[in-house]
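Reading through the structure tokens given below for one structure.
All ligand and atom numbering here is 1-based and tracks the order in the structure. No hydrogens, no waters, no symmetry mates; every other heavy atom, side chains included, goes into these values. This is a predicted model, so every value here is computed, not measured.
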Amino acid sequence: MLEPEQIVRLEAGAVVLLDQRRLPEAVEEMRCTDATAVAEAIRSMVVRGAPAIGVTAAYAIALAAERGDDLDDADAVLRASRPTAVNLAWALDEMRSDPSPEHARRIHMDEVERCRRMAQHTADLLDSGTRVLTHCNAGGLATGGYGSAVGALLAAFERGVLAHVWVDETRPLLQGARLTAWELEAASIPHAVIADSAAASLMAAGKVDCVITGADRIAANGDAANKIGTYSLAVLARHHDLPLYVVAPSTTVDLDTPDGPAIPIEHRDPAEVTARFPALNPAFDVTPAELIAAIVTERGVHRAPYAESLATAEVA
Ligand code: MRU
């Protein structure tokens, strides 16, 4: 498993990022020497995943402070880099009171610790021999260490209850086929990459026991935005009477956003889908709360009605 510092760290004069666009073929780092460069790295998905971009933005503010740059300008350019994951705005808000490297590092380590706690809560939900289907990458790469949904898979595997993971390749940028599969391979967890469109027939064949994903923003009513295709899986899971668990830190819960329709959905370059024909490229979709069996945060297992359970500090 990668150490948090291998995914993102602050060095003298630079935020250093593992370039996730090149994985798994090449393990290369990118040095960003100011907040504008970090914002571009977030936008172009050198680093991606909701908690990881929040952590990266925190380090970028610390870098800007050390350079003597205007912190409002740094905040603005970072905040505009990707709109859906609320962790980005959360981390920037946190850094306003204390833009020090120590504070950014604490935000980073706290996110990793939240992952470890929510992973244990999620593993509690799984029976022996569970076969999980997951989408996109919600691993250590996406959180700055350990992972949310993939962290839960690690914890379940360590307990001996996880039998197999079906990994959606996750069109169009293949975070599943490139990143989740790479992380599961490193952990020796049995897995197979599938085309996104294979999920329905696997469920119909009785080869899936539950779906576990991360989230980029969870609204106050429990509607959850995640990588495009998650909503399709939720509909399929309901049809096949399988639970869908959303695993995300409390920093992904946005009580100021009332419901899914209020979540801003990023639209990316259509060329990521096809450069040959006209294309549409929404990067996220919203899974309605009624299709989510549980939302697991470091606080515990939140069940419907989510408007109440998400607003509660600790749940059973
Ligand atoms: O576009 P991405 O790769 O940043 O999208 C990432 C996801 O959708 C993840 O599932 C989500 O951020 C949770 S990461 C712990």
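- Ion pairing of R48 with D216 is absent here, as no side-chain N (NZ or NE/NH1/NH2) approaches a carboxylate O to less than 4.0 Å.
- Of the charged side-chain nitrogens involved, at least one lies within less than 4.0 Å of a carboxylate oxygen, so that E298 and R114 count as a salt-bridged pair.
- Residues that satisfy the ring-ring contact (aromatic ring centres under 6.0 Å, His included) test with W166, not counting sequence neighbours, are H164.
- Side-chain contact between T170 and T180: absent, with no pair of heavy atoms (C-beta onward) separated by less than 4.5 Å.
- The pair R96-D72 meets the salt-bridge criterion, since a charged nitrogen lies less than 4.0 angstrom from a carboxylate oxygen.
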Show the distances, to 0.1 Å, for all pairs joining an N/O atom of ligand 1 and a protein N/O atom that are shorter than 3.5 Å, listing one pair per line.
residue  : atom   : partner : partner atom : Å
ligand 1 : 1 (O)  : R82     : NH1          : 3.4
ligand 1 : 1 (O)  : R82     : NH2          : 2.9
ligand 1 : 1 (O)  : K227    : NZ           : 2.7
ligand 1 : 3 (O)  : R48     : NE           : 2.9
ligand 1 : 3 (O)  : R48     : NH2          : 3.2
ligand 1 : 3 (O)  : Q175    : NE2          : 2.9
ligand 1 : 4 (O)  : G49     : N            : 3.0
ligand 1 : 4 (O)  : R82     : NH1          : 2.7
ligand 1 : 8 (O)  : D216    : OD1          : 2.8
ligand 1 : 8 (O)  : N226    : OD1          : 3.1
ligand 1 : 8 (O)  : K227    : N            : 3.2
ligand 1 : 10 (O) : N226    : OD1          : 2.7
ligand 1 : 12 (O) : A50     : N            : 2.9
ligand 1 : 12 (O) : D216    : OD1          : 3.1
ligand 1 : 12 (O) : D216    : OD2          : 2.9

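- For the pair A12 and R31, the tightest heavy-atom approach, listed with the atom from each and the gap, is O-NH2, 3.8 Å.
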